[in-house]
Amino acid sequence: MSGTKRRPPRAVIERDFEEAIERLEKNRPKDPLLKRLAAEGRLAINFSTVAKEAKHSRTLIAHAKCQYQQQRAKVLQLMHPGVVAAPRTASEVISRLREDVADLKGKLSAALSGQAVHFLARQRAEREAERWRKEAQRREKLLQKGDKLHLINQDGE
């Protein structure tokens, strides 16, 4: 029997990386060093920490032409949240564009409904302002004519 270790099947390695990514996302690693970093609030998700948690080589996910591209993409996304990775296939482009269109349609309808509410409130405010302006003009004319203007106090006097 030889002393070399055999690499586990691809599906096992993929599952190990997936589970490691999940645990790191939840901030609950199994590796003692990573547990300590998590407790200190210094745990960062990167290729090294994911590989250490999965107990596999970092090179399996770290370089651009690695064997486990899906896991690499997840780690990259977690390393740089908000940065969008370029799609690799036409179907990815189409699905992203469909998501963008749906998102933009939702934002547009929300903006239009907000705009309608604002427009109606503005019309009401303009009518109210016009009413107050006419009342002020009427009172000013009465004062100019010398008529007594009877203002009632809050006490009713």
Side-chain angles (χ1 to χ4, degrees), residues 1-137 153-155:
M1 213 181 197
S2 66
T4 61
K5 288 174 71 174
R6 303 194 98 220
R7 182 182 289 177
R10 182 177 176 88
V12 172
I13 294 175
E14 285 177 357
R15 189 187 70 232
D16 290 345
F17 279 124
E18 291 291 334
E19 290 172 356
I21 290 169
E22 267 184 50
R23 287 192 300 270
L24 292 175
E25 274 185 295
K26 293 177 183 175
N27 211 23
R28 296 176 187 258
K30 289 183 178 178
D31 185 81
L33 175 65
L34 298 177
K35 273 185 182 179
R36 188 173 52 109
L37 289 174
E40 295 172 1
R42 298 185 317 140
L43 180 63
I45 297 177
N46 55 43
F47 298 122
S48 297
T49 56
V50 171
K52 186 173 186 70
E53 180 66 17
K55 297 193 182 348
H56 291 291
S57 173
R58 182 181 63 84
T59 58
L60 292 174
I61 58 170
H63 59 85
K65 294 182 180 181
C66 67
Q67 296 176 357
Y68 302 95
Q69 287 294 322
Q70 286 181 327
Q71 288 74 23
R72 174 182 167 74
K74 284 183 183 178
V75 174
L76 281 172
Q77 186 178 12
L78 293 170
M79 286 171 58
H80 307 290
V83 176
V84 178
R88 295 181 179 271
T89 64
S91 61
E92 281 183 46
V93 172
I94 292 168
S95 65
R96 282 191 187 179
L97 289 173
R98 285 184 176 148
E99 289 172 9
D100 290 348
V101 166
D103 181 49
L104 290 172
K105 282 182 179 178
K107 287 179 181 177
L108 177 64
S109 67
L112 288 174
S113 67
Q115 185 180 20
V117 168
H118 176 74
F119 181 74
L120 293 174
R122 180 176 167 212
Q123 279 185 329
R124 252 184 268 117
E126 287 174 351
R127 283 193 304 266
E128 186 75 14
E130 184 62 27
R131 195 184 81 189
W132 283 104
R133 192 176 303 112
K134 286 181 180 177
E135 178 65 21
Q137 289 172 352
N153 291 344
Q154 289 180 351
D155 299 337

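None of the values given here were measured: they were computed from a predicted structure.
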Please evaluate residues I61 and Q69 with respect to the criterion side-chain contact (heavy atoms from CB on, under 4.5 Å), reporting the C-alpha separation (whole Å), side-chain torsions for both, the decisive distance (0.1 Å), and the verdict.
CA-CA 7 Å; I61 58 170; Q69 287 294 322; over 6 Å; no

Could you report the tightest heavy-atom contact between F17 and A51, atom names first, then the distance?
CE2-CA, 4.0 Å

Honestly, is R10 close enough over Y68, meaning NZ or CZ under 6.0 Å from the six-membered ring centre and within 45° of the axis?
yes

With K107 via salt bridge (Lys or Arg N to Asp or Glu O under 4.0 Å) - residues at least two apart:
D103

Gap separating the OG atom of S57 from the CZ atom of F47, nearest 0.5 angstrom:
12.5 Å

May I ask you to decide if A62's main-chain N or O and R72's side chain share a donor-acceptor pair within less than 3.5 Å?
yes

Strictly by side chain to side chain donor-acceptor pair (under 3.5 Å), give each pair with a member in residues 15-29 just once, sequence neighbours left out.
D16-H56, E18-Q71, E18-K74, R23-E53

One should read off an interatomic distance between K30 NZ and L24 CG, to the nearest 0.5 angstrom, of 11.5 Å

Reported OG-to-NE2 distance for the pair S113 and H118, which is rounded to 0.5 angstrom
13.5 Å

Are the charged groups of E130 and R133 less than 4.0 angstrom apart, N to O?
yes

Distance check, rounded to the nearest 0.5 Å: L33 atom CG versus L43 atom CG?
9.5 Å

Distance (rounded to the nearest 0.5 Å) between Q115 CD and L112 CG:
6.0 Å

Residues K55 and D31: closest non-hydrogen pair is NZ-OD1, 4.1 Å

Using the rule given for salt bridge (charged side-chain N to carboxylate O under 4.0 Å, His left out), can you reason through E126 versus R122, listing the C-alpha separation, both sets of side-chain angles and the distance that settles it, and then say yes or no?
CA-CA 6 Å; E126 287 174 351; R122 180 176 167 212; 3.0 Å; yes

Atom pair CD1 (I45) and CG (L76), whose distance is rounded to the nearest 0.5 Å:
12.0 Å

Do I94 and S91 have side chains that get closer than 4.5 Å, going by heavy atoms?
no

Passing candidate, side chain to side chain contact (heavy atoms under 4.5 Å, CB included) with V50, options L60, L34, V75
V75

